[in-house]
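A short worksheet on the structure shown next.
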Amino acid sequence: MSEPKRLFFALELPSTVREEIIQWRAAHFLPEAGRPVAAENLHLTLAFLGDVSADKEKALATLAGRIRQPGFTLRLDDAGQWLRSRVVWLGSRQSPRGLLQLANMLRAQAARNGCYQSPQPFHPHITLLRDASHAVAIPPPGFCWSFPVTEFALYASTFARGRTRYTELQRWSLSE
Ligand code: 3AM
C-alpha cells in the first residue's frame with residue numbers, strides 16, 4: 001500500500017503576479033519580519049486535506065472534477081498579519097463569490113470524506129511570510145493585482161532537506 005500524501009486544493013497565481021508580489025514583499029518587509037514563502041510556493045489554499053490515502057485521493061479528485069462553476073476575477077488589494085498563526089498574508093477586501101463557492105464545495109466534499117476541516121470560517125489568503133511572530137508594519141494597500149481565475153488544482157506537500165515543495169497532481173478548469 002502506498003504512503004498517504006499530504007494534500008490540498010489551491011489556486012495557482014500567474015507567474016507575472018508572483019514575481020511582482022515577490023518584489024513588493026522584498027521592498028516592504030525586512031528579513032527579520034518572517035520567513036518568506038518561496039516564489040514557486042505562493043498559492044491560495046482552497047481546502048487543506050491533511051494526510052490522505054490513495055483511495056481517498058481518487059475519490060476527492062473525482063468529486064472535484066464534477067464541480068461546475070464559472071471562473072472569477074481575483075483582486076488582491078489587502079494585506080495583513082495573523083499573529084496567532086504567525087503569517088503575513090495578501091488577500092481581497094471583498095472575496096469573489098465564485099471563490100467562496102469553490103472553496104466551500106471542496107471543503108464540504110473533504111469533510112464528507114473524513115478530512116478534518118477547521119470550524120473557522122474560510123479566509124482566503126496568500127501566505128507571504130511564515131514565523132512572523134512579532135507585529136510588523138503592513139504597508140497600506142497602495143498596490144493591487146487583479147487576474148482571472150480559470151482553474152484550480154490538487155497539490156501534494158512534501159518537506160525534504162529543509163525545504164517545502166508543492167507538487168501539482170491534477171488540475172481542473174472552471175467553466176459553466
Ligand atoms: O496557504 P496557507 O499557508 O494558508 O498552512 C498550510 C498552507 O496554507 C495549510 O495548508 C496549506 C498548504 O500546506 N495547512 C497545513 N497544515 C494545516 C492544518 N493542519 C493547514 N491548514 C489547516 N490545517
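Each ligand, and each atom within it, is numbered from 1 in the order the structure gives.
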Checklist entry - For atom 2 (P) of ligand 1, what is the nearest protein heavy atom, given as residue, atom name and distance? => result T127 OG1, 3.4 Å
Checklist entry - Any idea which protein heavy atom is nearest atom 5 (O) of ligand 1, and the distance to it? => result R130 NH1, 3.8 Å
For ligand 1, which atoms sit closer than 4.0 Å to a heavy atom of [X]?
X    : result
R6   : 15 (C), 16 (N)
H125 : 2 (P), 4 (O)
H43  : 1 (O)

Item to check | Best match, Y116, Y166, F48, W82: closest heavy atom to atom 15 (C) of ligand 1 | outcome: F48
Next on the checklist: Minimum distance, heavy atoms only, to atom 11 (C) of ligand 1: which one of V37, L44, T45 is it?
Outcome noted: T45
Checklist entry - Among pairs that include at least one residue of residues 84-106, which meet ring pair (Phe, Tyr, Trp, His ring centres under 6.0 Å), considering only residues two or more places apart or in two chains? => result W82-W89
Next on the checklist: Other residues, nucleotides and ligands only: do more than 12 of their heavy atoms fall within 6.0 Å of CZ on R171?
Outcome noted: yes
I'd like to know if the side chain of [X] and the backbone of [Y] have a donor-acceptor N/O pair within less than 3.5 Å.
X    : Y    : result
E12  : L44  : no
N113 : K56  : no
Q81  : I138 : no

Next on the checklist: To the nearest 0.5 Å, what is the distance between CG on L169 and CZ on F9?
Outcome noted: 9.5 Å
